[in-house]
Amino acid sequence: MNFDLSEDHIMMRDFGREFAAKRLFDIAEEMDAKEYMPDEVIEEAKELGFFGLLAPEEYGGEGIDTLSYALIIEELSKACAGFAIMISVHNSLVMKAIEYFGTDEQKKEYLPKLASGEIIGAYSLSEPGSGTDAGSLKCQAIAEGDHYVFNGTKSWVTSAQRAGIIIVFALTDPEKGPKGISAIIVPAGTEGMSLGAPEKKMGLKCSDTREVSFIDAKVPKANLIGEENHGFKVALSLLDNGRIGVAAQALGIAESAFREAFNYSKERKQFGRPISEFQAIQFKLADMATQIDAAKLLVYRAAVLNDAEGLHSREISMAKLFATEMSNYVVDEAVQIHGGYGYVKEYPVERYFRDARVTEIYEGTSEAQRIVISRNLLKG
Ligand SMILES: Cc1cc2nc3c(=O)[nH]c(=O)nc-3n(C[C@H](O)[C@H](O)[C@H](O)COP(=O)(O)OP(=O)(O)OC[C@H]3O[C@@H](n4cnc5c(N)ncnc54)[C@H](O)[C@@H]3O)c2cc1C
């Protein structure tokens, strides 16, 4: 067993690391405070290929493997987790939905535009009344001639405002419940579709999150992804991809929080000595570093397995569960090591603390990951 990254993977990690260092680290605080993402940073990310990481090369993408992708998301998240989630949703949920389930026409139409970043993608499964129980969603897309007519409200749509397309999960056969859900590409500007105000979030403040509502919004039937009424399967089968992105995001946040706490512990003096000389602080650092390494192994294993034959939902959920809970533990200890200074915006651990929290919630809560893992264990 080899635990070293290959030269190619190191190159990919450094690609993410360099962009984060040059374009994100210095402005991440400002992006958080002002709750915005500068257009020029997004444009540069497009030019460099961040929007096409997982798109096949034949459609203009980078076609990288999942481990390379996880390494890049980890590096971006070290600097700015809000930026990283936009890249993650776009690549792992939106592009993969079209690559895996789209028609040839949809692939030709959308993949090159998504890969170049000409359009940004959003993914809309959740609703005000359905989160973990995603199969109970209520938004309808009823067939009428050549169109589906959408009515209902979706919630928590990441990148809704910038999105050129949103993949919306809606009931095409309301009588059938989860077996009546379809995945449909809804272009921005569709008449009858409206965006809510940005959510006032605890963290990931530079990432745009909104409700999307539909009143008699017509979308061509040609925008159906996969088979009609098979959308729930589409949603579930994409989650493994997405969860690796969130696990890598959580890992990156934790690594930055650890670095800050480590450095601070060597600078901050109390009782005439750096606090790093107190065993209570040393043991915190030891536990944080050990937890980070354990999560890293699980995340990288999940990424490698994702490209191997067969379903690996158990290992992917283990990675998401462990990395996100680890991240929240590490950011909490990082604040503790900073004392009162960890509680104010002067130090970045305050932002890491807020940003880490959602990783245990979206793309399946920790409770949902435990359900996936235990079901897989018990099925024999
Ligand atoms: C910042 C942000 C961005 C998001 N982006 C997107 C996006 O782009 N697209 C999208 O579709 N969604 C998005 N979401 C929604 C996210 O996926 C949901 O919030 C998540 O799935 C949880 O759903 P919920 O909030 O309705 O919580 P609920 O499902 O109501 O859960 C509440 C609590 O009950 C627990 N629970 C629920 N069912 C069970 C059970 N059977 N057993 C044990 N415990 C259970 C949960 O684990 C949780 O602790 C985003 C959310 C946030 C906060």
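For ligands, and for the atoms within them, numbers begin at 1 and follow the listed sequence. Residue numbers count from 1 along this sequence.
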Inset, instruction - Please say which of N241, N306, D240 ends up in a side chain to side chain donor-acceptor pair (under 3.5 Å) with T66. - result: N306

Inset, instruction - Taking the side chain as every heavy atom from C-beta outward, state whether L285 and I337 have any atom pair closer than 4.5 Å. - result: yes

Inset, instruction - Looking only at distances, please establish whether an N/O atom of ligand 1 is found under 3.5 Å from an N/O atom of W156. - result: yes

Inset, instruction - Return yes when at least one protein heavy atom is under 4.0 Å from atom 35 (C) of ligand 1, and no when none is. - result: no

Inset, instruction - Please say whether T132 places an N or O atom under 3.5 Å from an N or O atom belonging to ligand 1. - result: yes

Legend entry - Plane angle bin for F19 and F50 - parallel if under 30°, tilted between 30 and 60°, otherwise perpendicular: tilted

Legend entry - No-hydrogen, no-angle side-chain donor-acceptor test under 3.5 Å, Y352 and S327: no

Inset, instruction - Can you sort out which atoms of ligand 1 are near I361, meaning under 4.0 Å from one of its heavy atoms? - result: 19 (O), 20 (C)

Legend entry - Test item, V358 contacting ligand 1 (heavy atom, 4.0 angstrom): yes

Legend entry - Closest non-hydrogen atom pair between C139 and K154, with its separation: CB-CD, 3.8 Å

Legend entry - Per atom 43 (C) of ligand 1, closest listed option by heavy atom (E363, Q369, E367): E367

Inset, instruction - For residues E191 and K218, determine if any side-chain heavy atom of one lies less than 4.5 Å from a side-chain heavy atom of the other. - result: no

Inset, instruction - Over 60° means perpendicular and under 30° means parallel, so classify the ring planes of F214 and F150, tilted if in between. - result: tilted

Inset, instruction - Report yes if S155 has an N/O atom closer than 3.5 Å to an N/O atom of ligand 1; otherwise report no. - result: no

Inset, instruction - Consider only side-chain N and O atoms of E74 and Y300, and report whether a donor and an acceptor are under 3.5 Å apart. - result: yes

Inset, instruction - Please indicate whether any nitrogen or oxygen in T158 is less than 3.5 Å from any nitrogen or oxygen in ligand 1. - result: yes

Legend entry - Best match, G203, A368, S126: closest heavy atom to atom 18 (C) of ligand 1: S126

Inset, instruction - Among all protein heavy atoms, pick the one closest to atom 2 (C) of ligand 1 and tell me residue, atom and distance. - result: Y362 CD2, 3.6 Å

Legend entry - Heavy-atom proximity to atom 22 (C) of ligand 1, best of T365, L137, L125: T365

Legend entry - Sub-4.0 Å heavy-atom contact, I371 with ligand 1: yes

Inset, instruction - Check whether any protein heavy atom sits under 4.0 Å from atom 30 (O) of ligand 1. - result: no

Inset, instruction - Just need the protein heavy atom nearest to atom 26 (O) of ligand 1, so name the residue and atom and give the distance. - result: G131 CA, 3.2 Å

Legend entry - Structural part of V89 in contact with ligand 1, heavy atom criterion under 4.0 angstrom: neither

Legend entry - Any N or O of S124 closer than 3.5 Å to N or O of ligand 1: no

